[in-house]
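In what follows, a single structure is set out as structure tokens and then discussed.
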Amino acid sequence: MQHADTPWRVLVVDDEPDLVEVICGALRYEGWQARGVTCGLDAVTTAAEWHPHAVVLDVMLPDCDGLEVLRRVHRTDPEVRVLFLTARDAVEDRIAGISAGGDDYVTKPFSLEEVVVRLRGLLRRAAPTGPANPGTLTVGDLHLDPAARETSRGGEVVDLSPTEFALLRYLMEHPRQVLSKAQILDAVWSYDFGGQAHVVELYISYLRRKIDAGRPPMIHTVRGAGYVLKAPTG
């Protein structure tokens with residue numbers, strides 16, 4: 001997604017102009033390119049023209065809510081990373097954002113350092129790593145092709161967001177191994193969520209709906225220990 005000599009491009013969308021400018025300033029200080037807009041329709045237009053690597057996106061916008069903005073942006077570029085800004089303790093916002101394909105979220109009020117750290121984790125996860133043609137991972141009837149970024153179970157294609165894909169890939173790289181939330185956070189998000197480790201539970205929940213729905217379950221919770229992926233028995 002990014003060449004070594006090309007700075008990350010981040011689009012900041014919030015209806016508070018001062019907040020947009022402050023976040024953009026912090027991102028430019030990191031050496032990234034940043035553009036800011038204050039409404040959803042401008043965000044969709046700017047994203048289509050500028051092709052950002054990531055979008056910092058407020059859920060509540062005056063003309064077009066953040067979830068609709070995400071859907072429209074993903075039609076143009078399904079790989080762009082989205083960091084949602086949500087109201088404090090608005091659990092329904094966070095769940096809706098992840099369900100719609102968002103990659104991460106921060107709750108208002110937040111620190112600029114937190115936004116930068118979250119974005120850095122998303123962008124590092126988006127950067128190409130490993131061999132040019134990594135082999136397909138297979139566990140039971142579940143298949144994941146890292147090179148093609150395709151997933152299927154029982155011959156049926158499973159559509160995953162970039163973060164869901166990264167999470168499933170990590171689970172499939174360690175079949176039958178119990179992985180703790182801390183291990184998952186470190187491997188998939190590349191940093192410590194601190195007190196927000198419950199984001200793992202949310203992503204596991206949505207991954208289960210796509211992988212296990214109507215089929216023998218493969219993703220299991222080991223109470224007090226973490227999660228394990230294994231082929232169904234019998």
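Every heavy atom of this structure was used, including side-chain atoms; hydrogens, water molecules and symmetry mates were not.
Summarising the geometry of Trp32 relative to Arg120, their closest heavy-atom pair is CH2-N, 4.1 Å, with the distance given to 0.1 Å. In terms of heavy-atom proximity, Leu119 sits nearest to Ala54 at CD2-CB, 4.0 Å. In terms of heavy-atom proximity, Val80 sits nearest to His74 at O-NE2, 3.2 Å. What you find for Pro17 and Asp15 is that their closest heavy atoms are CD-O, 3.3 Å. In this structure, Gln183 and Ser180 approach most closely via the heavy-atom pair OE1-N, 2.8 Å. Summarising the geometry of Met218 relative to Asp212, their closest heavy-atom pair is N-OD1, 3.0 Å, with the distance given to 0.1 Å.
Using a 4.5 Å heavy-atom cutoff, the side chains of Leu168 and Leu137 are not in contact. Side-chain atoms of Leu142 and Leu229, non-hydrogen and from C-beta on, do get closer than 4.5 Å to each other. At least one side-chain heavy atom of Leu27 sits less than 4.5 Å from a side-chain heavy atom of Val116. When side chains are defined from C-beta on, Arg208 counts as touching Tyr227, because their heavy atoms get closer than 4.5 Å. Contact of the Val157 side chain with the Glu150 side chain is not registered, since no non-hydrogen atoms from C-beta on lie closer than 4.5 Å. Arg149 is listed as a side-chain neighbour of Pro162, based on a closest heavy-atom distance under 4.5 Å. Using a 4.5 Å heavy-atom cutoff, the side chains of Val44 and Arg75 are not in contact. Side-chain contact between Leu61 and Cys64 is absent, with no heavy atoms from C-beta onward closer than 4.5 Å.
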Chi angles and distances behind the side-chain contact (heavy atoms from CB on, under 4.5 Å) call for Leu171, Ile204:
CA-CA 10 Å; Leu171 294 175; Ile204 288 288; 4.2 Å; yes
Dump the intermediate steps for side-chain contact (heavy atoms from CB on, under 4.5 Å) on Arg118 and Val56, then the final yes or no.
CA-CA 10 Å; Arg118 298 290 179 96; Val56 178; over 6 Å; no
Test Glu201 against Lys181 for side-chain contact (heavy atoms from CB on, under 4.5 Å), laying out the working first.
CA-CA 8 Å; Glu201 299 173 11; Lys181 290 181 183 179; 2.3 Å; yes
What verdict does the side-chain contact (heavy atoms from CB on, under 4.5 Å) test give for Thr151 and Met172, after you've listed the backbone C-alpha separation in whole Å, the side-chain angles of each residue and the deciding distance to 0.1 Å?
CA-CA 11 Å; Thr151 308; Met172 293 184 68; 5.7 Å; no
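Here the straight-line distance linking atom OG1 of Thr46 with atom CG of Leu41 works out to 10.5 Å at 0.5 Å rounding. Ile23 contributes atom CD1, which lies 6.5 Å from atom CG of Leu112 (distance to the nearest 0.5 angstrom). With rounding to the nearest 0.5 Å, the separation of CZ in Arg9 from NE2 in His51 is 8.0 Å. The SG atom of Cys24 sits 8.0 Å away from atom CG of Leu11, with the distance rounded to the nearest 0.5 Å. With rounding to the nearest 0.5 angstrom, the CG atom of Leu85 is 13.0 Å from the OH atom of Tyr105. For the atom pair Thr86 OG1 and Leu57 CG, the distance stands at 11.5 Å (nearest 0.5 Å).
Asp63 CG: more than 12 foreign heavy atoms inside a 6.0 Å radius.
Hydrophobic clustering (ILVMFWY, side-chain heavy atoms < 4.5 Å, transitive): Met60 and Leu70 are in one cluster. Under a hydrophobic-cluster definition in which Ile, Leu, Val, Met, Phe, Trp and Tyr are linked whenever side-chain heavy atoms come within less than 4.5 Å, directly or via other members, Trp50 and Val73 are assigned to the same cluster. Follow the hydrophobic side-chain contacts under 4.5 Å out from Val188 and you never reach Val228; the two are in separate clusters.
The one candidate from Leu123, Val106, Asp103 that meets the side-chain contact (heavy atoms from CB on, under 4.5 Å) condition with Leu83 is Val106.
Checking side-chain atoms of Glu68 against main-chain N and O of Asp65 turns up no donor-acceptor pair under 3.5 Å.
For Arg28 and Glu21, the salt-bridge test passes: some basic side-chain N is under 4.0 Å from an acidic carboxylate O. A salt bridge does not link Arg81 with Asp104: none of the charged nitrogens is closer than 4.0 Å to a carboxylate oxygen. Between Glu156 and Arg215, at least one side-chain N (NZ, or NE/NH1/NH2) sits under 4.0 Å from a carboxylate O, which counts as a salt bridge.
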